[in-house]
Amino acid sequence: MLDEQHYLCQYCRCDGVVKQGKTVDHIVPIEASPNEKADISNLAVICHSCHTLKTIWEQQTYGTGKAGELKHITAIRNIQTINRLMKKEHD
């Protein structure tokens, strides 16, 4: 996946920014959709700063994390939409 996406953060790319990413992340978190854990289309390269923002957004949106209570919502699979929402929440 890293090679396929050229080690570029797919979330930064939505903003026209070229930034190296070293992590492969599940677009829809495993907790919210366990059946997609091995689905390669559910993976994207992400940089550290976007990963931090996305984790916070996932906790608020899906209820993921240790203290979270999982919410039953429709999963968002579009990276551009997630990018917009996670950065909007942070502003």
Side-chain angles (χ1 to χ4, degrees):
M1 184 58 58
L2 290 167
D3 285 336
E4 181 180 308
Q5 295 180 1
H6 308 288
Y7 287 80
L8 298 176
C9 176
Q10 300 303 296
Y11 298 87
C12 285
R13 287 187 68 207
C14 293
D15 296 328
V17 175
V18 177
K19 187 171 179 184
Q20 183 181 28
K22 296 182 180 180
T23 303
V24 176
D25 183 57
H26 287 89
I27 297 166
V28 178
I30 296 170
E31 291 173 76
S33 187
N35 294 336
E36 293 184 74
K37 180 178 181 177
D39 184 352
I40 197 161
S41 69
N42 189 38
L43 300 174
V45 175
I46 193 168
C47 69
H48 178 73
S49 57
C50 284
H51 192 260
T52 299
L53 288 177
K54 186 170 178 279
T55 298
I56 293 166
W57 175 79
E58 288 173 345
Q59 290 169 343
Q60 295 169 345
T61 303
Y62 293 107
T64 58
K66 292 180 183 177
E69 187 173 319
L70 212 55
K71 301 174 185 177
H72 298 286
I73 66 164
T74 302
I76 301 170
R77 291 176 174 76
N78 183 282
I79 291 173
Q80 289 180 322
T81 301
I82 295 168
N83 181 63
R84 182 176 42 80
L85 292 170
M86 73 184 195
K87 290 181 179 171
K88 177 181 176 185
E89 292 288 323
H90 186 68
D91 289 338

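Just so you know, these numbers use all the heavy atoms, side chains as well, and skip hydrogens, waters and symmetry mates.
Taking both residues in full, the closest heavy atoms of Gly65 and Gln59 are given as CA-NE2, 4.4 Å, listed atom of the first, atom of the second, then distance. For the residue pair Ile76 and Ile27, the shortest heavy atom distance occurs at O-CG2, 4.2 Å. The minimum heavy-atom distance linking Cys9 with Ile46 is given by the pair SG-CA, 3.9 Å. Closest approach of Tyr62 to Ala32, counting heavy atoms only: CD2-CB, 3.7 Å.
Once rounded to the nearest 0.5 Å, the distance linking CD of Glu4 with CG of Leu43 reads 9.5 Å. Once rounded to the nearest 0.5 Å, the distance linking NE2 of His48 with CD of Gln20 reads 13.5 Å. The line from CG of Asp25 to OH of Tyr11 is 5.5 Å long, rounded to the nearest 0.5 Å. The distance from atom CH2 of Trp57 to atom CG of Leu85, rounded to the nearest 0.5 Å, is 6.0 Å. One distance of note links CD1 of Ile79 with NZ of Lys54; it measures 8.5 Å at 0.5 Å rounding. To the nearest 0.5 Å, atoms CG (Leu53) and NZ (Lys88) are separated by 15.0 Å.
Contact of the Thr64 side chain with the Leu70 side chain is registered, since non-hydrogen atoms from C-beta on lie closer than 4.5 Å. By the 4.5 Å heavy-atom criterion applied to side chains, Cys50 and Lys19 are not counted as neighbours. Within the 4.5 Å cutoff, side-chain heavy atoms of Lys87 are placed close to those of Asp15. Looking at Arg77 and Glu36, their side chains come closer than 4.5 Å, going by heavy atoms from C-beta outward. Leu8 places none of its side-chain heavy atoms less than 4.5 Å from the side chain of Val45.
The backbone N or O of Gln60 sits less than 3.5 Å from a side-chain atom of Lys71, completing a donor-acceptor pair. Remark: the backbone N or O of His26 is not paired with any side-chain donor or acceptor of Asn42 at under 3.5 angstrom.
Residue Lys37 qualifies as open at atom NZ: its count of foreign heavy atoms under 6.0 Å is 12 or below.
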